[in-house]
Amino acid sequence: MGDAPDSGTPDLDAIKDQAIAAIHDARTTEDIRQVTAEVSGKKSPLAQASRRMGALDPDARRELGKQLHDVRSTIEALLDARRSEIAAEELATELAGSRIDLSEYIPGSIPAPAERGHLSLVSLTRDALEDVFVGMGFEVAEGPEIESDWYNFGALNIPPAHPARSMWDTFYLDLGAPESTMLRTHTSPVQIHLMEDAVAHDTLPIHAVMPGRCYRRDTPDARHLAVFHQIEGLVVDRGISFADLAGTIEVFTTAYFGPDIHSRLRPAYFPFTEPSAEYEVTCTICHGEGCRTCSQTGWIELGGCGMLDPAVFAAVGIDPEEWSGFAFGFGIDRCAQMRHQIADMRALNENDLRFLRQF
Ligand code: DAH
């Protein structure tokens, strides 16, 4: 540093090199502040060199002024650049320390808003069925999915070893209770719960529907599922006749399926009703003409029904001389299948969005 002794002019190259080295070595905001003062402040070699200009002749002064200006500009630019670099480094260190994850602000990685789903077709069908029955004056009730032998079979007049049990084979659960427990095979046990309650609280008559999930040891196919849904109906009142049952079923059928779909009852056997009937509705595929789906009969079976058997009344302690009633039960999944003409019922459980989005 210093003057070039012979010419009397300062060694600007040396001043510049020293400044560049000092700027380069600065590591922190504090360093760069000090370096700025050293290389461009009032006491810097650059400032001292400018002060010399007054002693020079006009030509030499002009020449030195130009050179000083260039050196100063270079130094200022380097100072600015290093200052910004240091600021950026210090910010990055600070952010890393506070663990702010800025990556979520990267445009491409903002997750798409979640798609909104809707109720499954089974729930939609259950709700629609409930609405029809509520409109006819029924209440909606529910019962447990795990039942004892008594509720699933015994009280429904299906004693142990009765051949009808094989029709309703199920999954048994070992819950350590003295009586065997099982996943219910139909919603008929809810009839027993409702009648027991009504007797205990003296609240007869009963007009109720009971929807719910049922289980059977069945192999699924186009018209059966091992886990499926039924809706049960129960009326216990004075002077109830088979005509009330047939009328209720016909009103329900036209209300739910539409005015061209009708019902018919054909004699059948169920242990808990006497007489019993199978409940059939006009085939929704061919509208009664006869097709493959209905085996050319024009009718499709939906469920069972009948007048409450006196043995069931006896099981719950209702006097059959005073009260009479009817019951019915049919598949909710089967109703959905028929109303929406679903070829294979297993589609209800497959979670294929192309299927589910149609409803
Ligand atoms: N529980 C019967 C079944 O799952 C259906 C049924 C038949 C229900 C006759 C009833 C009835 O209430 O009276 O196959």
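Atoms within a ligand are numbered from 1 in the order they appear, just like the ligands themselves.
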Relative to the heavy atoms of [X], which atoms of ligand 1 are at a distance of less than 4.0 Å?
X: Cys305; value: 7 (C), 9 (C), 11 (C), 13 (O)
X: Thr273; value: 13 (O)
X: Ala327; value: 12 (O), 13 (O)
X: Gln191; value: 12 (O)
X: Phe270; value: 7 (C), 9 (C)
X: Gly306; value: 13 (O)

Flag for [Y]-[X]: side-chain donor and acceptor within less than 3.5 Å:
X: Asp197; Y: Thr203; answer: no
X: Glu90; Y: Thr29; answer: yes
X: His207; Y: Glu139; answer: no
X: Thr28; Y: Asp31; answer: yes

**Prompt:** Going through the checks in order, is the side chain to side chain contact (heavy atoms under 4.5 Å, CB included) test met by Val190 and Glu142?
**Reply:** CA-CA 7 Å; Val190 192; Glu142 276 181 41; over 6 Å; no
**Prompt:** So, does Glu278 sit close enough to ligand 1 that a heavy atom of it is under 4.0 Å from the ligand?
**Reply:**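 Distance cut 4.0 Å: Glu278 fails for ligand 1.
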**Request:** For Gln230 and ligand 1, answer yes if some heavy atom of the residue is under 4.0 Å from a ligand atom, otherwise no.
**Result:**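 In this structure, Gln230 qualifies as a contact of ligand 1 - some heavy atom is under 4.0 Å.
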How far is [atom] from the closest protein heavy atom, and which atom is that?
atom: atom 3 (C) of ligand 1; answer: Trp168 NE1, 3.5 Å
atom: atom 5 (C) of ligand 1; answer: Gly329 O, 4.0 Å
atom: atom 11 (C) of ligand 1; answer: Phe272 CE1, 3.5 Å

**Asked** If you measure from the Lys or Arg side-chain nitrogens to the Asp or Glu carboxylate oxygens, is any gap between Glu115 and Arg357 under 4.0 Å?
**Response**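 A salt bridge links Glu115 with Arg357.
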**Prompt:** Should Glu232 be counted as touching ligand 1, given the test is an N or O pair under 3.5 Å?
**Reply:**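 Glu232 vs ligand 1: N/O contact under 3.5 Å present.
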**Prompt:** Out of Cys214, Gly325, Ser188, whose heavy atom sits nearest atom 1 (N) of ligand 1?
**Reply:**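 Among Cys214, Gly325, Ser188, the closest heavy atom to atom 1 (N) of ligand 1 belongs to Ser188.
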**Item:** Within the 6.0 Å centroid threshold, strictly below: Phe252 and Phe133
**Value:**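 Judged by ring-centre distance (under 6.0 Å), Phe252 and Phe133 do meet the cut-off.
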**Geometric cation-pi criterion, Arg184 with Tyr151: 6.0 Å, 45°** =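 No, a cation-pi geometry is absent between Arg184 and Tyr151.
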